[in-house]
Amino acid sequence: METNTNISITLPDGSVKKHPRGASALEVAESIGPGLAGDAVAARIDGALVDLSSKISQDRRLEIITADSEEGLGILRHSTSHVMALAVQRLYKGVQFGIGPAINDGFYYDFDLKDAISSDDLTEIEEEMERIVSEKLPFRREELSIGDARSLFESIGQPYKLELLEEIEDEKVNVYRTGDFVDLCRGPHIPDTSGLKNFKLLSVAGAYWRGSATKPQLQRIYGTAFARKKELKKYLHRVEEAEKRDHRRIGRELDLFSMDEEIGKGLVLWHPKGVEIRERIEQYWKNEHRLRGYQFVRTPHLASEKVYQRSGHIPQYEDMMYAPIEIEGERYRVKPMNCPGHIKIFQSQMRSYRDLPIRYAELGTVYRFEMSGALHGMLRVRGFTQDDAHIFCTPQQLPGEVEELLGLVDEIMGAFGYRYKAYLATRPEVSLQTATDQEWERATEALQSGLQRYGMDYSVEAGEGTFYAPKIDVKLFDALGRQWQGPTIQVDLNLPKRFEVKYIADDGKEHECIIVHRAILGSLERFVGGLIEHFGGWFPLWLAPEQVRVLPITDDHTEYAHNVRDTLRAGGIRTTCDERNEKTGYKVHSGTTDKVPYLLIVGEKEVKSGTVSVRSHDGGDEGPCALEDLMERMNKEVETKALPKNFVSDTD
RNA sequence: GCUGCUGUAGCUCAGUCGGCAGAGCGCGUCCUUGGUAAGGACGAGGCCAUGGGUUCGAGUCCCGUCAGCAGCACCA
């Protein structure tokens, strides 16, 4: 006969523990070990996430969730957001609450309140939060019927919560109470506020209710929380590190580019050193494309509106195009896209299947009217140069072309030291109706088979394609582990029809051409901006605008320094000479802050022995070296596109 | 575009209660001629974003405009 006082609890490692019926998850955790109980934030009972206070009344599987897991950390942060909400409720009258979830690196809560919160107020809110933590207030869960919940939130004047309730279909909902703060919330939460020790409020900003620009705008406070102080510190350090790498700051410090109010918003002025970097990239890009059978074309910056009418850009994107310019009664537009020009070149003669594939590439500068709030340094601008190309091919050739393209992606992203991940984005809900289901399917399958043929890992993002094309998006991970938008490969289902792009097949008849639209770098502006942050300004030798700086110790050595410089220059190495009237330490300092990979110190010793003393970014003070040996080493470094040593941040 | 914050020397920033515009870096001249992350002295450099208002008096307070920043929304 089974005892009804004990139940069996199965732990993740398979072991079974006997506990009295009605034991709480926390009690079980305590019986396993006080350490675990202390770190516990919630529990999973038979697969469902619940509070630690949950009583277990039958045989169950139990997992104790700690803040060391991603899930547990999310719970900790979510609980912190409630504490912040309580603090705000205490400090400001008549607050209405939006939502307050955990996010990637922390949490936020949205508030509707009369007074504007500024970042100066965050300290005060943080202090109130500390107080709440020391009060050790429990997170108390209550289960209410929808009707009761509605009257509750009505009585405390929380219209946003009522709106959320409208959409819940269950009969019962949870509310959590922490002190005087009540929230509609699925949970779970940590047992009480004393478990929150390591948090920080980060910023305050506006955010639309429910993410919709037509809805009211609330004030959002962002914060983060961690299980351990060390992790919080590490995170804050990483944020700082990212700030130091900000391409706008480094762009100014290294004199790479600037923007000017009088030139216009979102328009980049490339300085000589920035151009130097850009040209290395362009040169490399061109070589790789030439190797793969691309031909280079150029199309005008301005075109008659007719072509964008036909392409569909005007009906679809007019609000993001620059206004028309009227000449001789005809309206012209600054080009927002390179495709129409490439198509016209393709159509300048009859094309046989024997000519295909035709691959046209252009570093094409386009202009788009991005909303002012969207602009961000070089990463989001109004005038930019796409590394655009269009592949005209037959349906049979498509998978092979995709495969080739992935090889190109791999080559180029690898050269810059990016890790990446591919995503297959399929037909979205709202999509072009002129293309048949079959065409969507065939295009998507071709992309997929290209991925498989190349052997590239990918995941499917259902419905994330553009309205006119399924696509492969490649996302990059930079040295700080941050994600960037990378290459994109799109099978265009729109333009071949609109422009009637045809070729003559082996049956002697006209067939519709496949057009693949693709960019590897995206835009030179964004790519270079991203690279600056990726490398933190320490470019690999092949890209560095100033590869070598010669530092003569006194005036007596300038002549020798000039010889060294000129020899290097003759060898194709970008070299300058710092002949300022300063001490060597000063010149080394200045060469380092200017992020020059090689500093060559030349003094009495070097003049006599005909050497240079090398100080490199990778190797530090390396001592004397014969110039020819150094040149050989640098040439090799340039040729192999060697990445700087340890350019990955040590905070990772 | 929306909400909030910020505009002071080329850059980073101080400027108290409304009372003569400041520092460091950088730049120039001079001294110094030196050995691996900042030698010294002197000097130039400002319509305090901009237009209005309050005031005896505005960098400072109020309103508008412009620009930048953060987030949201947007991103062929």
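Nothing here was measured: the structure is a model prediction, and the numbers come from that model. Residue numbers start from 1 in every chain, and the chains themselves are labelled A, B, ... in the order their sequence lines are given, proteins ahead of strands.
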Do [X] and [Y] have side chains that approach each other closer than 4.5 Å (heavy atoms only, starting at C-beta)?
{"X": "A:Phe535", "Y": "A:Lys595", "result": "no"}
{"X": "A:Glu500", "Y": "A:Ile343", "result": "no"}
{"X": "A:Leu236", "Y": "A:Leu202", "result": "yes"}
{"X": "A:Val381", "Y": "A:Leu267", "result": "no"}

Between [N] and [M], how far apart are the two [atom1] atoms, rounded to whole Å?
{"N": "B:G51", "M": "B:A70", "atom1": "C1'", "result": "27 Å"}
{"N": "B:C61", "M": "B:G7", "atom1": "P", "result": "10 Å"}
{"N": "B:U32", "M": "B:U12", "atom1": "C1'", "result": "29 Å"}
{"N": "B:C62", "M": "B:C74", "atom1": "P", "result": "35 Å"}
{"N": "B:G10", "M": "B:C17", "atom1": "P", "result": "28 Å"}
{"N": "B:G64", "M": "B:C42", "atom1": "P", "result": "47 Å"}
{"N": "B:C75", "M": "B:C13", "atom1": "C1'", "result": "35 Å"}
{"N": "B:U8", "M": "B:A58", "atom1": "C1'", "result": "14 Å"}

- Query: Checking ring-ring contact (aromatic ring centres under 6.0 Å, His included) against A:Phe97, which of A:Tyr109, A:Tyr92, A:Tyr108, A:Trp209 comes through?
  - Reply: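 Single pass found, and it is A:Tyr109.
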
Specify the separation, in whole Å, of atom [atom1] of [X] and atom [atom2] of [N].
{"X": "A:Glu579", "N": "B:U33", "atom1": "CD", "atom2": "C1'", "result": "14 Å"}
{"X": "A:Glu318", "N": "B:C74", "atom1": "CD", "atom2": "C1'", "result": "17 Å"}
{"X": "A:Phe369", "N": "B:C74", "atom1": "CZ", "atom2": "P", "result": "17 Å"}
{"X": "A:Gln217", "N": "B:C74", "atom1": "CD", "atom2": "P", "result": "13 Å"}
{"X": "A:Ile553", "N": "B:U33", "atom1": "CD1", "atom2": "P", "result": "15 Å"}
{"X": "A:Ile117", "N": "B:G4", "atom1": "CD1", "atom2": "C1'", "result": "11 Å"}
{"X": "A:Arg310", "N": "B:A76", "atom1": "CZ", "atom2": "P", "result": "23 Å"}
{"X": "A:Glu261", "N": "B:G68", "atom1": "CD", "atom2": "C1'", "result": "9 Å"}

Sugar-phosphate only, base, or nothing, as touched by [X] at under 4.0 Å among non-hydrogen atoms:
{"X": "A:Met320", "result": "base"}
{"X": "A:Gly620", "result": "nothing"}
{"X": "A:Glu606", "result": "base"}
{"X": "A:Glu604", "result": "base"}
{"X": "A:His376", "result": "sugar-phosphate"}
{"X": "A:Phe467", "result": "nothing"}
{"X": "A:Gln219", "result": "nothing"}
{"X": "A:Ser613", "result": "base"}
{"X": "A:Thr592", "result": "base"}
{"X": "A:Arg249", "result": "nothing"}
{"X": "A:Gly373", "result": "base"}

- Query: Picking from A:Gln316, A:Gln490, A:His517, what satisfies side chain to side chain donor-acceptor pair (under 3.5 Å) with A:Tyr468?
  - Reply: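 Going through the options one by one, the only one that passes is A:Gln490.
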
- For A:Arg333, which of A:His301, A:Glu318, A:Gln309 qualifies under side chain to side chain donor-acceptor pair (under 3.5 Å)?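 Per the side chain to side chain donor-acceptor pair (under 3.5 Å) rule, the option paired with A:Arg333 is A:Glu318, out of A:His301, A:Glu318, A:Gln309.
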
With the side chain of [X] defined as its heavy atoms from C-beta on, choose the nearest nucleotide among [options].
{"X": "A:His589", "options": "B:A38, B:G71, B:A73", "value": "B:A38"}
{"X": "A:Tyr222", "options": "B:A76, B:C72, B:G34", "value": "B:C72"}
{"X": "A:Val588", "options": "B:C75, B:A37, B:G71", "value": "B:A37"}
{"X": "A:Ala116", "options": "B:G4, B:A67, B:G71", "value": "B:G4"}
{"X": "A:Ser118", "options": "B:A73, B:C5, B:U33", "value": "B:C5"}
{"X": "A:Asn581", "options": "B:A76, B:G34, B:C72", "value": "B:G34"}

- Per-pair stack call A:Tyr317 and B:A76, 5.5 Å, 30°: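 Ring-base stacking flag set for A:Tyr317 and B:A76.
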
- Message: Here's a test of your reading of the structure: between A:Thr554 and A:Thr593, which maps to the more 5' nucleotide of RNA chain B?
- Response: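 Mapping each residue to its closest nucleotide by heavy atoms, the 5'-most match is A:Thr554.
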
- Item | 5' precedence on RNA chain B between A:Asp556 and A:Gln490 (nearest-nucleotide basis) |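 Result: A:Asp556.
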
Does [N] have OP1 or OP2 sitting under 4.0 Å from an N or O in the side chain of [X]?
{"X": "A:Arg220", "N": "B:G4", "value": "no"}
{"X": "A:His557", "N": "B:G35", "value": "no"}
{"X": "A:Arg252", "N": "B:G10", "value": "no"}
{"X": "A:Arg580", "N": "B:C27", "value": "yes"}
{"X": "A:Arg380", "N": "B:C74", "value": "no"}
{"X": "A:Tyr586", "N": "B:U33", "value": "no"}
{"X": "A:Ser372", "N": "B:G1", "value": "yes"}
{"X": "A:Lys605", "N": "B:G35", "value": "no"}

- Task: Take A:Phe107 and A:Tyr222 through the test ring pair (Phe, Tyr, Trp, His ring centres under 6.0 Å) and record every step on the way to the result.
- Result: CA-CA 6 Å; A:Phe107 62 87; A:Tyr222 284 93; 8.9 Å; no

- Count the heavy atoms of every other residue, nucleotide or ligand shown that sit under 6.0 Å from CZ of A:Arg298, and state whether that count exceeds 12.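 Open.
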
Counting Watson-Crick and G-U wobble pairs only, both distances under 3.5 Å, name the nucleotide matched with [N], or none.
{"N": "B:C27", "result": "B:G43"}
{"N": "B:C5", "result": "B:G68"}
{"N": "B:G19", "result": "B:C56"}

- Give a yes-or-no answer on whether the side chains of A:Glu533 and A:His247 include a donor-acceptor pair shorter than 3.5 Å.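 Result is yes, a qualifying pair exists.
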
Base [N] paired with [X] side chain (donor-acceptor, <3.5 Å):
{"X": "A:Arg368", "N": "B:C74", "value": "no"}
{"X": "A:Glu370", "N": "B:G1", "value": "no"}
{"X": "A:Tyr208", "N": "B:G71", "value": "no"}

